[in-house]
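None of the values given here were measured: they were computed from a predicted structure.
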Amino acid sequence: MVRVCPPLCSPGDSPSLRLVTTLAFLQVGARHLPDAGRPGVQSPPPSPAPARGSMSLREHALALFRSAVGTVRPAPMLKRAVTLRADGCPQLLVKGRAFPVKGNLYLVGFGKAVLGMAAAAEEILGEHLMRGIINVPLGIQESLQRAGMQDMLLRPHSRIEVIEGARNNLPDQEALRGAGAIRDLAEGLTADDLLLVLISGGGSALLPAPTPPVLLEEKEKLTKMLASRGAAIQELNTVRKALSLLKGGGLARLAYPAQVVSLILSDVIGDPLDVIASGPTAASSHSVQDCLQILDKYKLLTSLPKSVETVLSSSPASPTSLEDYSHVFNVIIGSNTLALDEAKRQAEDLGYATLVLSAAICGEVSRVSALYCQLIQLVCLAFAGLRDGPLGDEVRAKLLQLAAELEIPGLNPAETLQALRGLGPDRPVCILAGGETTVQLQGSGKGGRNQELALRVGLGLHRAQAAEAGSPLGNCEIIFLSGGTDGQDGPTAAAGAFSSLELVDEARREGLDVEAFLSNNDSYTFFSQVQHGHHLLVTGLTGTNVMDIQAILIRAKERS
């Protein structure tokens, strides 16, 4: 249910700071913020309301993103889910279930957050862990070391072998080598063994094992073609599973008859076990027919390599049975919802009336950005007392139409509109959302879904203000932030970007054409150039991954 929570105090206000942030920001506690300008967090505001503090909307947006990412760091999540009872007969306790440990415990993992998860697991398991193999993103150990994040690195003389690969989140030969090592370990297990599997977003690229005769290059080319035509992550993973030895439950089947316990950090809307990292330990709910329908939808069915045709033609017609996975215990230990809940608490502490739209935002970025622009206009109209006028009616109608088209899970337009009623200029507003949008590539530029979404929101706000004389948008301060919790937005060095009502005008003064950059899907180049990269969100790899976080912060400008 959508709910607006009353603020505790008024947020601060200061000139924007240039964002220069690294992985080290995650070492700050999830709820910690600088003392300067952080008014009245522990108690309700005195009467009269406190004076404005010293933090800008931009600083607040960064603080919310930081708190969201901080709460889904691998170590805290894993330690909440797993303990080892060492007295008497040792047992591994996972979410209330006990598994005997008798010198038979092995570990494998793959994904962007798995290094930190493995470090926490090794701390818990100690000498009970016999051997482990994990596949993690290229360069992540060096990045974490450089950022001083020792808690996310394995201890010296670890029993866990680390293989780095999947540059730019794309399968490569190193990832293929790691997948082969994981496969060999799983195939050698017996009924007396216990296999702990660590899974996070990015796991698909880090566990490539194409079914022969399909080659890695052929599978990768097909995946790229699907992504470039706007295929959602669920569709991509359905195709990957159909062509993989380890995905779609393949790893669990190879490990049989060993007991398999999977700890999963979800980066997929709705947390479906068979979709996250393409479901290596879960029964697939998809058949080969589903795969063929996806390929046909994106007009690729008639141009498949011969090897892909061979594998698909020999695949079972129906999904695997749940009975084949009675030896598997899958547990979701972290998700986008958990991150948004923490950001919401932080926003309330900062004094915002806070609304969480959905943890399942999806759809093409042009449509999602339009939805956000309508929401921002509604808030600004409410601030100006014009919510129930003709313009308010027009904006609401567009919002309802967009919501109906996007069909976002968890988003109830009627409840959202009701929650927005009653907002006034005396209370700043924070709208939070999470999920994963898609970009239909039309150009050859460089960027990612978060940067393109931020740029489209900036352009949409500019157009809305230009189209309406005396638009209430100009009476509000507005910041929009979209960032990937893994710290990487597409093949770029950025996690995402900030935008505002003033972004387009700033760009034009520097001779930059926003629409030209968007038509070439070149959002990273745009944000790198405008104000010397001031609007980029740069974090480095974060060691976690629960999809994307968006934050809209709005407050009425002070009248002179």
Side-chain angles (χ1 to χ4, degrees), residues 110-112 135 165-166 168-172 175-176 179 183 199-253 264 266-320 362-364 436-441 449 490-491 545 547:
F110 30 89
K112 295 179 180 180
N135 261 16
N168 293 328
N169 201 32
L170 298 173
D172 56 19
L176 185 64
R183 176 186 176 185
I199 302 174
S200 78
S204 284
L206 286 159
L207 197 70
T211 303
V214 177
L215 300 176
L216 179 62
E217 293 78 11
E218 292 174 322
K219 186 178 175 184
E220 176 55 21
K221 182 179 179 181
L222 181 58
T223 301
K224 282 184 178 178
M225 291 175 69
L226 282 166
S228 69
R229 299 186 185 195
I233 185 65
Q234 291 88 341
E235 294 174 317
L236 292 174
N237 284 355
T238 298
V239 174
R240 285 167 172 158
K241 286 188 296 184
L243 302 174
S244 176
L245 289 173
L246 298 178
K247 298 179 174 73
L251 177 60
R253 292 194 298 272
I264 303 167
S266 174
D267 72 328
V268 180
I269 288 169
D271 305 333
L273 292 172
D274 66 323
V275 175
I276 303 165
S278 302
T281 61
S284 177
S285 61
H286 301 104
S287 66
V288 67
Q289 189 60 37
D290 296 319
C291 177
L292 294 173
Q293 287 175 353
I294 291 167
L295 294 170
D296 183 52
K297 174 182 175 180
Y298 294 104
K299 305 188 185 313
L300 292 170
L301 198 54
T302 58
S303 57
L304 296 175
K306 199 70 178 175
S307 60
V308 173
E309 289 182 356
T310 299
V311 170
L312 294 179
S313 64
S314 60
S315 298
S318 58
T320 52
C362 56
E364 215 279 326
E436 191 165 291
T437 57
T438 56
V439 177
Q440 188 163 353
L441 296 178
R449 59 181 179 265
N545 184 19
M547 299 185 288

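- Taking the side chain as every heavy atom from C-beta outward, Ile199 and Pro280 approach each other to under 4.5 Å.
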_Please evaluate residues Ile269 and Val275 with respect to the criterion side chain to side chain contact (heavy atoms under 4.5 Å, CB included), reporting the C-alpha separation (whole Å), side-chain torsions for both, the decisive distance (0.1 Å), and the verdict._
CA-CA 9 Å; Ile269 288 169; Val275 175; over 6 Å; no
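- The shortest non-hydrogen separation linking Thr211 to Ser244 is OG1-C, 3.3 Å.
- One finds no salt bridge joining Asp267 and Lys112 here, because no Lys/Arg side-chain nitrogen approaches an Asp/Glu carboxylate oxygen to under 4.0 Å.
- Of all heavy-atom pairs spanning Tyr298 and Gly230, the tightest one is OH-O, 3.7 Å.
- Side-chain atoms of Asp274 and Ser285 include a donor-acceptor pair closer than 3.5 Å.
- Here the straight-line distance linking atom CG of Leu295 with atom CE of Met225 works out to 10.0 Å at 0.5 Å rounding.
- Considering OG of Ser278 and NE2 of His286, their distance stands at 10.5 Å, rounded to 0.5 Å.
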*Applying side chain to side chain contact (heavy atoms under 4.5 Å, CB included), run through Leu300 and Ile294 and close with a yes or a no.*
CA-CA 9 Å; Leu300 292 170; Ile294 291 167; over 6 Å; no
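- The line from CG of Leu243 to SG of Cys291 is 5.5 Å long, rounded to the nearest 0.5 Å.
- When all heavy atoms of Thr437 and Arg449 are compared, the closest pair comes out as O-CD, 3.2 Å.
- One finds the CG atom of Leu216 at 14.0 Å from the NZ atom of Lys221 (value rounded to the nearest 0.5 Å).
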_Stepwise side chain to side chain contact (heavy atoms under 4.5 Å, CB included) check, Lys219 with Val239_ = CA-CA 9 Å; Lys219 186 178 175 184; Val239 174; over 6 Å; no
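- At least one side-chain heavy atom of Leu170 sits under 4.5 Å from a side-chain heavy atom of Lys224.
- Judged by distance alone, the side chain of Asn237 and the main-chain N or O of Gln234 form no donor-acceptor pair under 3.5 Å.
- When atom types are taken as modelled, the side chain of Ser314 and the backbone of Val311 share a donor-acceptor pair closer than 3.5 angstrom.
- Between the side chains of Thr438 and Glu364, no donor N or O sits under 3.5 Å from an acceptor N or O.
- The backbone N or O of Leu207 sits nowhere less than 3.5 Å from a side-chain atom of Asn135 that would complete a donor-acceptor pair.
- Here the straight-line distance linking atom CG of Leu206 with atom CG of Asn169 works out to 7.0 Å at 0.5 Å rounding.
- What you find for Ala277 and Gly203 is that their closest heavy atoms are CB-CA, 3.8 Å.
- Residues Ser204 and Arg240 share a closest heavy-atom pair of CB-NH1, 3.6 Å.
- For Lys247, there are no salt bridge (Lys or Arg N to Asp or Glu O under 4.0 Å) partners, not counting sequence neighbours.
- For Glu220, there are no salt bridge (Lys or Arg N to Asp or Glu O under 4.0 Å) partners, not counting sequence neighbours.
- Residues in residues 296-313 take part in these salt bridge (charged side-chain N to carboxylate O under 4.0 Å, His left out) pairs, two or more places apart or across chains: Glu235-Lys297, Lys306-Glu309.
- Taking OG of Ser228 as the start and CG of Leu441 as the end, the distance is 6.0 Å to the nearest 0.5 Å.
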*In sequence, state the C-alpha distance, the side-chain angles, and the governing distance for Phe110 and Leu246, and then conclude on side chain to side chain contact (heavy atoms under 4.5 Å, CB included).*
CA-CA 12 Å; Phe110 30 89; Leu246 298 178; over 6 Å; no
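- The two residues Ala175 and Ala205 come nearest to each other via the heavy atoms CB-O, 3.6 Å.
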